[in-house]
Amino acid sequence: MYRCLITDDNIIERDLLFMHLSSIEQIKVVAICNSGEEAMAYLQHSPVDIVFSDIDMPGISGISMLKEMKHHPVFIFVSSYPEYAAESYNLDAIDYIVKPATQERIKKAITKAIDYIEIKKNTPIEQERIVQE
């Protein structure tokens, strides 16, 4: 089971993401946040595997959240602004979904995220980093 956090300042978008993610067997939504600040506070004390985040939010943006985290979970951005996609990939986001997010597109992003997590878990470098922490 992969732990997932949703952050978006729009309640309709948060609910839509939650509805889509709740129907995916391997995913457990552990937190739903309405701001980058709330998400950052949650992530400091509770590990998650995957973050679905809007980019354009008041206060801390999704991009800023990713930049500020030393060891970050897999990020999937969901935004109305396709022009942020290139920057998100430069920051190693695993995927970028242009709103409105469909069930099919979310499933594709989740598959990509899970594949990445599993590959990373099984690499010698990652196993060494986990032992050192």
Side-chain angles (χ1 to χ4, degrees):
M1 184 73 59
Y2 297 91
R3 298 172 314 272
C4 183
L5 176 142
I6 296 168
T7 184
D8 196 310
D9 59 323
N10 182 310
I11 189 168
I12 295 169
E13 296 294 339
R14 286 193 309 266
D15 289 350
L16 183 64
L17 272 172
F18 177 74
M19 181 185 71
H20 289 316
L21 290 169
S22 295
S23 70
I24 300 172
E25 238 178 69
Q26 307 102 307
I27 298 299
K28 178 179 183 181
V29 176
V30 295
I32 301 173
C33 304
N34 62 17
S35 69
E37 291 86 357
E38 186 180 345
M40 290 293 287
Y42 184 88
L43 291 168
Q44 286 177 356
H45 304 289
S46 304
V48 300
D49 302 300
I50 303 168
V51 172
F52 275 83
S53 178
D54 187 13
I55 287 185
D56 190 25
M57 296 182 287
I60 298 176
S61 71
I63 295 281
S64 296
M65 280 178 29
L66 184 52
K67 283 180 179 178
E68 289 181 29
M69 300 176 79
K70 184 177 178 182
H71 298 291
H72 59 80
V74 172
F75 264 72
I76 298 170
F77 286 113
V78 184
S79 178
S80 297
Y81 303 99
E83 61 267 21
Y84 290 121
E87 184 178 4
S88 76
Y89 287 122
N90 286 336
L91 296 171
D92 296 328
I94 201 74
D95 209 342
Y96 193 96
I97 300 170
V98 178
K99 292 178 182 176
T102 64
Q103 178 75 27
E104 181 180 314
R105 187 62 184 88
I106 288 171
K107 282 184 178 180
K108 183 177 180 180
I110 285 293
T111 299
K112 199 185 292 189
I114 290 172
D115 287 349
Y116 176 80
I117 290 167
E118 291 304 314
I119 289 168
K120 191 172 176 185
K121 262 194 229 177
N122 294 312
T123 62
I125 293 170
E126 181 65 11
Q127 290 171 353
E128 185 178 310
R129 185 187 71 77
I130 291 169
V131 169
Q132 290 176 356
E133 288 181 352

> Taking it one step at a time, do Glu38 and Thr7 satisfy side-chain contact (heavy atoms from CB on, under 4.5 Å)?
Replying inline: CA-CA 8 Å; Glu38 186 180 345; Thr7 184; over 6 Å; no
Minimal non-hydrogen separation, [X] against [Y], with atom names:
X	Y	answer
Ser61	Ile55	CB-O, 3.1 Å
Tyr96	Ser88	CD1-OG, 3.2 Å
Met57	Gly62	CE-N, 3.8 Å
Met65	Ser53	CE-OG, 4.2 Å
Ser80	Lys99	OG-CD, 3.5 Å

>> Show, in sequence, the C-alpha distance, side-chain angles and deciding distance for Cys33 and Leu5, and conclude whether the side-chain contact (heavy atoms from CB on, under 4.5 Å) test is met.
In response: CA-CA 8 Å; Cys33 304; Leu5 176 142; 4.0 Å; yes
Would you confirm whether [X], through its side chain, and [Y], through its main-chain N or O, come within 3.5 Å as a donor-acceptor pair?
X	Y	value
Glu87	Ile63	no
Thr111	Lys107	yes
Arg3	Lys28	no

>> Whether Asp95 and Lys108 form a salt bridge (side-chain N of Lys/Arg under 4.0 Å from carboxylate O of Asp/Glu) is what I want to check.
In response: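 Salt bridge absent between Lys108 and Asp95.
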> Any ion pair linking Asp49 and Lys121 (charged N to carboxylate O, less than 4.0 Å)?
Replying inline: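 Looking at Asp49 together with Lys121, the answer is no, because their closest N to O distance does not fall below 4.0 Å.
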Taking the hydrophobic residues Ile, Leu, Val, Met, Phe, Trp and Tyr, and joining any pair whose side-chain heavy atoms are under 4.5 Å apart, which ones share a cluster with [X]?
X	answer
Ile110	Tyr2, Ile6, Leu17, Phe18, Leu21, Ile24, Ile27, Val29, Ile32, Ile50, Phe52, Val74, Ile76, Val78, Ile94, Ile97, Ile106, Ile114, Tyr116, Ile117
Leu16	Met19
Ile11	Ile12

>> Are the side chains of Met69 and Met40 in contact, using a 4.5 Å heavy-atom criterion?
In response: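 Yes, close enough: below the 4.5 Å cut-off.
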> Does Asp9 reach the side chain of Asn34, with side-chain heavy atoms less than 4.5 Å apart?
Replying inline: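 Contact flag for Asp9/Asn34 side chains = no.
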>> If you count heavy atoms of other groups shown closer than 6.0 angstrom to CD of Glu104, is the number above 12?
In response: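 Counting neighbours around CD of Glu104, 12 or fewer heavy atoms of other residues, nucleotides or ligands fall under 6.0 Å, so no.
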>> I need the Met1 CE to Gln26 CD distance, nearest 0.5 Å.
In response: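 Met1 CE to Gln26 CD: 8.5 Å, rounded to 0.5 Å.
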>> Under the criterion side-chain contact (heavy atoms from CB on, under 4.5 Å), I'd like the reasoning laid out for Tyr81 against Val98: C-alpha separation, chi angles, the key distance, then a yes or no.
In response: CA-CA 7 Å; Tyr81 303 99; Val98 178; over 6 Å; no
> Any chance the side chains of Ser23 and Gln103 put a donor and an acceptor closer than 3.5 Å?
Replying inline: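 Gln103 and Ser23 do have a side-chain donor-acceptor pair below 3.5 Å.
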> Any idea how Phe77 and Phe75 line up, ring-wise: parallel (<30°), tilted (30 to 60°), or perpendicular (>60°)?
Replying inline: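 Ring orientation of Phe77 relative to Phe75: tilted.
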